[in-house]
Number of protein chains: 2
Amino acid sequence: MKKGDKNTNRSKDEALAHLLQDNGLKITQGRISILEVFSKYHKPLNAEGVSKYLKGNKVDEATIYRTLKSFEEKGILRRVDLRNDSVYFEMNEGHHHHHHLVCKQCGDIEDVDVCEIDRLSKMALMNSSKFKLILDHSLEFFGVCKACNKG
Amino acid sequence: MKKGDKNTNRSKDEALAHLLQDNGLKITQGRISILEVFSKYHKPLNAEGVSKYLKGNKVDEATIYRTLKSFEEKGILRRVDLRNDSVYFEMNEGHHHHHHLVCKQCGDIEDVDVCEIDRLSKMALMNSSKFKLILDHSLEFFGVCKACNKG
DNA sequence: GATCAGATGCAACTCATTTGCATCTTTTAA
DNA sequence: TTAAAAGATGCAAATGAGTTGCATCTGATC
């Protein structure tokens, strides 16, 4: 472990604790551990996956499910539709779909809302007879990765 | 029932029968009935929904599940991800590529045509290090329909 | 029409997710 | 600082969508 990791971890946990607090959830070791997993692995996980990565910090299955649900309700996690048979979640970091523009000279970074999803949303609304408000969307692509495509 | 409906229904069923035949599936009353449901209601349905609409033409639950699965495998139905707890399907009418608006409150679903998906797919591929082939995608919008938005 | 692969219904089963409940921990308010 | 209240947890039992084994039936093929 590198020098400073301890402090880094502590401040990370403090941030996670605040996240809970800000959402009116009690700060418990289990919740922190679950948030750490999502924060560490940066990928969609289902309850089983969370459990697997919790390793030493075991949390009861029922608690994991309850936690994922409450995190989703609070907007801490967002549900991801991957055509799987179980429900996956990932950290919901503010803007759902965004990329970055980085300045080569000064290093300044700008977030950009992806792919014209906003415009697509507007188009969808314009085409709709029943809706006038879109809160959210899901856009997932399905294909074959290069590794699998070698065969 | 309007004049001509009988013939219309017969020819419709014949078309559905052909659909089965072309996909190497035996033509059975149950399968025709299930296809009729999808063809009539034009909206994503899960096994329960299909069962409900089958009314007189009851088909065993297990058969419905098996049928939905085989229809998906053959490309007759396509799976739709609506953040529901069960799996929804709709007719996969090649030409008519569309997505959905889903009301988060009442669950009502509206089809929307939103094109430019091809371009988004290309963008996604360009941004990907692991993929060079996208076969499919899902794009669904979640909001509140006008009816629910009155409150 | 006989034969056979495939389709169906039924009942039993699986497995992800949920729930009831007693116990424990965090938060709160004194 | 501490006691009470509110909320979180673990465990075990329950739920419910979806699956499977099996005997029976039906559509396709000859």
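Heavy-atom basis, side chains included; hydrogens, waters and symmetry copies ignored. Chain letters run A, B, ... following the sequence lines, proteins first and then strands; every chain starts at 1.
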In whole angstroms, how far is the [atom2] atom of [N] from the [atom1] atom of [X]?
{"X": "B:N57", "N": "C:dA7", "atom1": "CG", "atom2": "C1'", "answer": "17 Å"}
{"X": "B:K69", "N": "C:dG6", "atom1": "NZ", "atom2": "C1'", "answer": "16 Å"}
{"X": "A:K26", "N": "D:dT9", "atom1": "NZ", "atom2": "P", "answer": "10 Å"}
{"X": "B:L20", "N": "C:dG6", "atom1": "CG", "atom2": "C1'", "answer": "13 Å"}
{"X": "A:L25", "N": "C:dT28", "atom1": "CG", "atom2": "P", "answer": "12 Å"}
{"X": "A:I34", "N": "D:dG10", "atom1": "CD1", "atom2": "C1'", "answer": "13 Å"}
{"X": "A:Q29", "N": "C:dT27", "atom1": "CD", "atom2": "P", "answer": "12 Å"}
{"X": "B:K52", "N": "D:dA17", "atom1": "NZ", "atom2": "C1'", "answer": "16 Å"}

Exercise. To the nearest 0.5 Å, what is the distance between CZ (B:R31) and CD1 (B:I64)?
Worked result: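 It is 13.0 Å, given to the nearest 0.5 Å.
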
Exercise. Do other residues, nucleotides or ligands put more than 12 heavy atoms under 6.0 Å from A:K52 NZ?
Worked result: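 Result for NZ/A:K52: open.
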
Problem set entry | A:K122 atom NZ, over 12 foreign heavy atoms within 6.0 Å |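 12 or below, so no.
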
For this session: Assign a letter to each nucleotide of nucleotides 10-17 of chain C from its 5' end: B, base within under 4.0 Å of a protein heavy atom; S, sugar-phosphate only; -, no contact.
Result: B-----SB

Problem set entry | Short N-O contact, B:E90 and B:R78, less than 4.0 angstrom |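 A salt bridge links B:E90 with B:R78.
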
For this session: For A:V59 and for B:T28, locate the closest nucleotide of DNA chain D by heavy-atom distance; then report the residue assigned to the nucleotide nearer the 5' terminus.
Result: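 Result: A:V59.
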
Exercise. Can you hop from A:I32 to A:Y65 via hydrophobic side chains spaced under 4.5 Å?
Worked result: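 Result: no, two separate clusters.
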
Exercise. Linking I/L/V/M/F/W/Y whenever any side-chain heavy atoms sit under 4.5 Å apart, do B:M91 and B:L68 land together?
Worked result: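 Yes, B:M91 connects to B:L68 through the hydrophobic network.
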
For this session: Report yes if a side-chain nitrogen or oxygen of A:T67 is closer than 4.0 Å to either non-bridging phosphate oxygen (OP1 or OP2) of D:dA8; otherwise report no.
Result: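 For A:T67, the contact criterion (side-chain N or O under 4.0 Å from OP1 or OP2 of D:dA8) is not met.
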
